[in-house]
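I am attaching a structure below and will ask some questions about it afterwards.
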Amino acid sequence: MSWMLDLYETYEKNSSKVGNVEISATNQEYTLVPISHTYQAAQVEITITLTGEILSADVIQKEKSSTLIPCTIDSATRSNAPVPHPLHDKLMYVAGDYEAYGGKIKKDNPHQAYLEQLERWCAFDNDNEQIQAVYQYVKKGCLIADLVARGVLYTENGKLLLKWSGSTNKPAIFQALAGDQTTTFVRFKVVDTTKIFEPMWEDKAMFDSYIAFYKTQLTTTGLCYVTGKTTALVEKHPSKLRYAGDMAKLISANDTNGYTYRGLFSDKNQVATISYEASQKAHNALKWLITRQGKVIDGRVFLFWSKENLDVVSVDEDLASQFGLDLHTREDEETADTAIEFARAFKYAAQGYRQNLTAGNQVILLVLDAPTKGRLAVINYQKIDSSVYLENVQKWYEKSTWRFLTIVNKTAQISYRAPTIFEIASAAYGKHAKEQLLKITHERLQSAIINNLKVPVDLLNLLVQRTIRPTTMESWEWDRQLSITCSMIRNFNTKESYSMTLYKESTNRSYLYGRLLAVADRVENIVLWEKDTKRSTNASRYMESFSQHPHRTWKIIQMNISAYQQKVRLRTRYYEDILDEIYGLFVLGDFNDEPLSADFLIGFSHQRADFNQTKNKEKKEI
């Protein structure tokens, strides 16, 4: 129950935010929901007076339909059973004339159950004028008649019209509903000439009134395994954790079939008992965190948070941007020192962030997924000291940083950063990879980052295999692919401590072959650019073969680009000098046909980037 206790304590520490509406990164309204409440989309709003008289009724715009309503344990988890919400609800509960207008009731009397429940709340809180007014109105039993009279609902032969058959002028109620008119959800609003009332779904005093009332309705008590307190227990727990229609639950004790616990226990309460308050607060905190800062891939939830600092830096996103750093420079202004400057700026920013951490604070990782539609499982749960967490994340970032080129307003910009988890997964499996595969990779990379591990070797091999086939991608796409792969080679490599700039003294055989290939690519591209010819170079076309048979393939590439070398040589010997320099670094016997390691991509990228730097451009001028 540790994860539930963490969520419960998160709710308690952020209780001041209960009921406060916030806007998520996806422009979605959300709030930390009070206990005994849930969200529901309402289609009709009825305004009444304190004396229980209807003033107006309107169809609610979809963007304003989300309504925070009081609920019971049973009404929050209802499916087919007629269990009423205490205040706002569907027509079959709030309308006494539901059957008279064609509504069908399978069993019991939902409206009567609704009235009896609301009456008990009114008796508990005599001073609550708003619920008294709603009760006085709904017990008249004329709600649908009032809505029809005001042109909100439509009838045919005295019955609610199930479907609008007209091709034009579709009424607002039919635009707001997913089903027919009998499924309309109604919310109430009370107004008075002498008093100002907040909307009932935003009124914290109304929340507190219902919470206090509902606690009196809970009679089963016992030991809560989450808080360690003896208090009111609950057997049913909330769903709708990931999104509004989510029916998967984290906790369930249904044993009518499947033998969930039989053979170990004779009664489900022997497994664990959880209090109503702990269950409500933990689940509501989880919903809030998922909407606020969770990442969902193919139904799997990835969530990082800290009870003291909710906005903990996330391994899911670019760390530099989370620190507020804009690490970009124009390509034509970049120098060899740029990478060092960027690395220093990032290190200072990370140190500044670490100083703001609360001592002893812990970062919590929770990963959830649904193996079936009705069950939500905890896939991973981990707690780590915040300073250790940040240190491990910083180490991953620093040893995975590479040079990335982007085009902004037709200007080439360079940034030094580590690729995001999503970028790595997409580069390994391609842009059309299934989300199920991406979410598994996402979890593996998350674990590697927070536990200070290297990139998994099978993932690195996939990256390399896709990178050595540049002709299968667009030019910009392959540039990004190369940067991501090089960053992961640097992350994985323990023998070579590669920086982000050209290592001219390296005698690593694979690295040197990569430099040779970059020179060939550059020489051919110079001529192609001048002729405005768009096609792949020989270096690109032969890269896969080159990685397996470098000596033999290099001869083929040299033969194919000899004409381009001659044209460039007429203006400058810069590239010839580079080739001679690289040849001279080979150790005797290394210039052979053994397959290259992934380091050749590092050499290729380093040499390619070095050509683009300003001081090297000046060298090439005659």
Could you verify whether a donor N or O on one side chain and an acceptor N or O on the other, from Asn525 and Thr537, lie under 3.5 Å apart? no
Given the rule in the side chain to side chain contact (heavy atoms under 4.5 Å, CB included) test, do Asp590 and Thr507 qualify, once you have shown the distances and angles that lead to the verdict? CA-CA 10 Å; Asp590 273 358; Thr507 58; over 6 Å; no
Go through the steps for Leu445 and Trp396 under the test side chain to side chain contact (heavy atoms under 4.5 Å, CB included), then give the verdict. CA-CA 11 Å; Leu445 287 168; Trp396 172 278; 4.2 Å; yes
Should Leu596 and Arg509 count as side-chain neighbours, where that means a heavy-atom distance under 4.5 Å?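 Side-chain contact under 4.5 Å: yes.
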Heavy atoms from other residues, nucleotides or ligands near CZ of Phe422 exceed 12 (cutoff 6.0 Å):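 Counting other residues, nucleotides and ligands, CZ of Phe422 stays at 12 neighbours or fewer.
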Can you check side chain to side chain donor-acceptor pair (under 3.5 Å) on Ser387 and Asp385, steps first, answer last? CA-CA 6 Å; Ser387 60; Asp385 184 87; 2.4 Å; yes
Checking Tyr542 now: which residues fulfil side chain to side chain donor-acceptor pair (under 3.5 Å) with it, not counting sequence neighbours?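 Residues passing side chain to side chain donor-acceptor pair (under 3.5 Å) with Tyr542: none at all.
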Side-chain (Ser562) to main-chain (Met559) donor-acceptor, under 3.5 angstrom: yes
Counting distance only, does the side-chain N/O of Asn380 pair as donor-acceptor with the main-chain N or O of Val367 below 3.5 Å? no
Go through the steps for Val33 and Thr31 under the test side chain to side chain contact (heavy atoms under 4.5 Å, CB included), then give the verdict. CA-CA 6 Å; Val33 178; Thr31 187; 4.2 Å; yes
For residues 531-542, which residue pairs pass the salt bridge (Lys or Arg N to Asp or Glu O under 4.0 Å) check, not counting sequence neighbours?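 Salt bridge (Lys or Arg N to Asp or Glu O under 4.0 Å) check on residues 531-542 returns Glu524-Arg535.
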Looking just at side-chain N and O atoms, do Arg515 and Asn508 make a donor-acceptor pair shorter than 3.5 Å? no
Go through the steps for Glu398 and Gln394 under the test side chain to side chain donor-acceptor pair (under 3.5 Å), then give the verdict. CA-CA 6 Å; Glu398 290 176 346; Gln394 184 179 343; 3.0 Å; yes
Audit row: Glu391, Lys395, salt bridge (Lys or Arg N to Asp or Glu O under 4.0 Å) steps and yes/no: CA-CA 6 Å; Glu391 183 179 351; Lys395 284 179 180 178; 3.5 Å; yes
Mind checking whether Arg490 and Met500 have side chains closer than 4.5 Å, heavy atoms only?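 When only atoms from C-beta onward are counted, Met500 and Arg490 do touch, with a gap below 4.5 Å.
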Close side-chain approach of Leu286 to Leu250, heavy-atom, < 4.5 Å: yes
Is it true that atom CD of Gln436 has more than 12 heavy atoms of other residues, nucleotides or ligands lying nearer than 6.0 Å?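 No, CD of Gln436 has 12 or fewer neighbouring heavy atoms, counting only those of other groups under 6.0 Å.
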So Leu516 and Leu579, do their side chains get closer than 4.5 Å, heavy atoms only?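 Heavy-atom side-chain distance check passes, below 4.5 Å.
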Would you say the side-chain atoms of Ser426 pair up with the backbone N or O of Glu423, donor to acceptor, closer than 3.5 Å? no
Would you compute the distance between atom CH2 of Trp478 and atom OG of Ser536 and round it to the nearest 0.5 angstrom?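 Rounded to the nearest 0.5 Å, the CH2-OG separation comes out at 10.5 Å.
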Pro419 and Ser400: which non-hydrogen atoms are nearest, and at how many Å? CD-O, 3.7 Å
Check: Ser306 side chain, Gln362 main-chain N or O, donor-acceptor pair, under 3.5 Å: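 Checking the backbone N and O of Gln362 against the side chain of Ser306, a donor-acceptor pair under 3.5 Å is found.
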Shortest non-hydrogen contact between Ser447 and Leu453, atoms and distance: O-CD1, 4.4 Å
Exactly one candidate in Gln565, Arg569, Glu576 meets side-chain contact (heavy atoms from CB on, under 4.5 Å) with Val523; the answer is Gln565
Looking only at non-hydrogen atoms, find the nearest pair between Asp599 and Ser510 and report the distance.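 In this case the closest contact between Asp599 and Ser510 is CB-CB, 4.0 Å.
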As a test of understanding, state which of Phe600, Tyr513, Phe591 forms a side-chain contact (heavy atoms from CB on, under 4.5 Å) with Pro550.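 When side-chain contact (heavy atoms from CB on, under 4.5 Å) is applied between Pro550 and each of Phe600, Tyr513, Phe591, only Tyr513 qualifies.
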Side chain to side chain contact (heavy atoms under 4.5 Å, CB included) filter on Ala598, not counting sequence neighbours, yields Val464, Ile489
Heavy-atom check, side chain of Lys287 versus side chain of Thr291, under 4.5 Å: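 A side-chain contact under 4.5 Å is absent here.
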Give, for atom CG of Leu376 and atom OG of Ser239, the distance between the pair rounded to the nearest 0.5 Å.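 With rounding to 0.5 Å, CG (Leu376) is 10.0 Å from OG (Ser239).
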From Leu459 atom CG to Asn491 atom CG, the distance as rounded to the nearest 0.5 Å: 10.5 Å
Please identify each residue that fulfils side chain to side chain contact (heavy atoms under 4.5 Å, CB included) with Lys295, with sequence neighbours left out. Ile297, Phe302, Asp316, Glu317, His442
So, does Tyr389 use its side chain to make a donor-acceptor pair with the main chain of Val313 at under 3.5 Å?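 Here the side-chain-to-backbone pair exists.
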Taking the six-membered ring of Phe404 as reference, does the cationic atom of Arg417 (NZ for Lys, CZ for Arg) lie under 6.0 Å from its centre and within 45° of its axis?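 Output yes; distance and angle both within limits.
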Measuring only between side-chain heavy atoms, which start at C-beta, is Asp479 closer than 4.5 Å to Arg403? no
Indicate the atoms forming the closest heavy-atom contact of Leu241 with Ala248, along with that distance. CD1-O, 4.5 Å
Tell me the salt bridge (Lys or Arg N to Asp or Glu O under 4.0 Å) pairs involving residues 445-466, sequence neighbours left out? Arg444-Asp458
Any chance you could lay out the side chain to side chain contact (heavy atoms under 4.5 Å, CB included) test for Tyr397 and Thr401, step after step, and finish with the verdict? CA-CA 6 Å; Tyr397 196 97; Thr401 299; 3.6 Å; yes
Nearest 0.5 Å please: distance from the OG atom of Ser314 over to the CH2 atom of Trp305.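 Those atoms lie 13.0 Å apart.
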Separation between CD1 (Ile556) and CG (Asn538), nearest 0.5 Å, reads 10.0 Å
Just wondering, more than 12 heavy atoms not from Glu474 lying within 6.0 Å of its CD? no
Are the side chains of Asn452 and Lys399 in contact, using a 4.5 Å heavy-atom criterion?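 Sidechains of Asn452 and Lys399: in contact.
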So, for Leu482 and Ser605, which heavy atoms are closest and what is the spacing to 0.1 Å? CD2-CB, 4.2 Å
Value rounded to 0.5 Å, distance of CG in Leu437 from CG in Asp298: 10.5 Å
Counting only heavy atoms from other residues, nucleotides and ligands, does the tally under 6.0 Å from NZ of Lys383 exceed 12?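 Atom NZ in Lys383 is packed in, count exceeds 12.
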Kindly say whether Asp6 contributes a backbone atom to a donor-acceptor pair with the side chain of Thr10 at under 3.5 angstrom? yes
Would you confirm whether Asn14, through its side chain, and Lys17, through its main-chain N or O, come within 3.5 Å as a donor-acceptor pair? no
Please name the residue in the list Trp402, Phe611, Tyr503 that meets the ring pair (Phe, Tyr, Trp, His ring centres under 6.0 Å) test with His606.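 Looking at Trp402, Phe611, Tyr503, the match for His606 under the ring pair (Phe, Tyr, Trp, His ring centres under 6.0 Å) is Trp402.
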Determine whether Leu368 and Trp3 make a side-chain contact, defined as any pair of heavy atoms from C-beta on separated by less than 4.5 Å. no
Closest non-hydrogen atom pair, Ser487 against Ile484: OG-O, 2.6 Å
Check whether the side chains of Gln382 and Asn451 place a donor and an acceptor atom closer than 3.5 Å, and report yes or no.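 Per modelled atom types, Gln382 and Asn451 side chains form a pair under 3.5 Å.
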With sequence neighbours left out, write down each residue that passes salt bridge (charged side-chain N to carboxylate O under 4.0 Å, His left out) with Asp246, or none if nothing qualifies.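 With sequence neighbours excluded, Asp246 shows a salt bridge (charged side-chain N to carboxylate O under 4.0 Å, His left out) to Arg242, given in chain and number order.
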